[in-house]
Amino acid sequence: MAETIKPKAGIMDIALYVSGESHVDGHTEVLKLSANENPYGCSDKAKAAFLRTAQTLNRYPGTDHRALRAAIGEVHGLDPDRLICGVGSDEVLQFIVQAYAGEGDEIITTQHGFSMYPILAKMVGATPVTVGEDERVIDVDAILAAVTTRTRVVFLANPANPTGTMVERGEMERLAAGLPRSVLLVHDGAYAEFVENFDGGAALVDAYPNVIMTRTFSKIYGLGGLRVGWGYASREIIDVLTRLRQPFNLSEIQMATAEAAVRDRDFVERCRTENAKWREWLRNALVQMGVGCDASHANFVLARFENPQEAEACNAALRADGIIVRPVKSYGLPQALRITVGDESACRRVIHVIATFKGIR
Ligand code: PMP
């Protein structure tokens, strides 16, 4: 019998990332509220930059991301030399595990944390250590108690996905201060822009040399399809991560579009305001129908049902109407559905279907 090529040990233990579907059988016009995408699209200025850059597709892109880093630095008041850009923030997270963890090392994530964290840990042969958490608050003491001499990285999204909760600054400080200096704390700020007057973790990075902040253009900027994210850390850490980056990881189209997007603060502000307004509307409507829903700091809400069966049945009712939301069973929350905050008509449509499901109208 012919020999087959076998992957390295551990590769087949890596779970495949489950991404939200974008179609429902029998529906041509689905309402997709499963991937925390921006219902208002993206900035017109970003679109114009995208089209403009298409003229130079024959050219290789620049390798140092200079203009994009300068724009991000200007807008956020950060040193551009302490920034790194990647293919989505996912790629920056990947550089982090590649650089700082390997076989035999441990990477701490929380029970309801973003599903990519354990996948990334396993990609480099490290062991994901999952710390239990209350659904509503991250337990800093539990994270600190889980640290061993093998711990290399701690992943924490703030605001968190899929719970929408936030760890307050004092608690983040306590976590950063309590970790050994040899452990890197990743402050994942994918949803930071939805929080008013929030630096996304930048001050924490400045105060602790072992903290890195990651951010994305996929959420408030409405550029999930563009695939651009970035990280902010000490010069030393950025130097390390840059060595793992492919020189041409971002195209000129990606960079120019992201640059125009980050400079369009009016668009970001409008999206933040609309999101906050409809997020509260959605939450109130759910609570009034007897569906559990805590305050969210992001662009989604977590609707908590009586039990997993009710969550499943409600999901089926939404799907029958062509609405895709995110069941979060794989995040350890089988009784909940994560619903992206859409625009007004999307929110009203979701609530109409859930109300009918609940027999309220
Ligand atoms: N972190 C968190 C918490 C997320 O929810 C996501 C997107 N689902 C990401 C990182 C990655 O986003 P991207 O790669 O699109 O920047």
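In listed order, ligands and their atoms are each counted from 1.
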Peer 1: Do the non-hydrogen side-chain atoms of Arg243 and Phe95 ever get within less than 4.5 Å of each other?
Peer 2: no
Peer 1: Given side chains that start at C-beta, do those of Asn38 and Tyr221 come closer than 4.5 Å, heavy atoms only?
Peer 2: no
Peer 1: Tell me the residues surrounding ligand 1, counting only those with a heavy atom closer than 4.0 angstrom, sorted by chain and number.
Peer 2: Gly88, Ser89, Asp90, Phe114, Ala157, Asn161, Asp188, Ala190, Tyr191, Thr216, Ser218, Lys219, Arg227
Peer 1: Can you see which heavy atom on Val183 is nearest to which on Val154, and at what distance?
Peer 2: CG1-CG2, 3.8 Å
Peer 1: Can any side-chain N or O of Ser89 pair as donor or acceptor with the backbone N or O of Val92 at less than 3.5 Å?
Peer 2: no
Peer 1: Kindly state whether the ring of Tyr191 and the ring of Phe300 have centres lying under 6.0 angstrom apart.
Peer 2: yes
Peer 1: Step through it carefully: locate the ring centre of Tyr60, locate the ring centre of Phe248, and say whether they are under 6.0 Å apart.
Peer 2: yes
